Amino acid sequence: IENKDKILNFIDTSMETNNLLICCYDGKTIAPYIISLYLIKYADIPKSEIKKIIQSKNTEITMEFETRLFDL
C-alpha cells in the first residue's frame, strides 16, 4: 500500500516502451489488486465493473480484498 503510487506510475510510464508482466505468487491476490488499482486510476471504468473484467480473465480470482483499499 505504501508504494502503490510508485508502482502505478512505473506501470503507466513503462507500458508504452516495455512489455510488462504483473504477477504474484498465486496470480490471485496482489497482481489482480494492482491491475484493479491501475484501472481505477488511469481508465475510465467504473469500480463496479473492474471485478467483472478481472474475473473474466480468470474465474479463480476471488477479489475479496477490502474495498476500502481502492480508496487509498
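Fair warning: this is a prediction, and the values are worked out from it, not measured in the lab.
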Can you tell me how far apart OH (Y33) and CD1 (I7) are? Round to the nearest 0.5 Å. 9.5 Å
Smallest separation among heavy atoms of T13 and T17, with atom names: O-OG1, 4.5 Å
Rounded to the nearest 0.5 Å, what's the gap from CD1 on I54 to CG on L39? Could you check? 5.5 Å
Show the nearest heavy-atom pair for residues I22 and A31, with the distance to one decimal. O-CB, 3.6 Å
Nearest 0.5 Å, please: how far is NZ in K41 from CG in N9? 6.5 Å
Minimum side-chain heavy-atom gap I34-I11 below 4.5 Å: yes
Rounded distance [0.5 Å steps], OH in Y38 versus CD1 in I50: 12.0 Å
Do the side chains of Y42 and M15 get nearer than 4.5 Å, heavy atoms only? no
Find the distance between OG (S36) and NZ (K51) and round it off to the nearest 0.5 Å. 10.5 Å
How many angstroms lie between CD1 in I45 and CD1 in I53, if you round to the nearest 0.5 Å? 4.0 Å
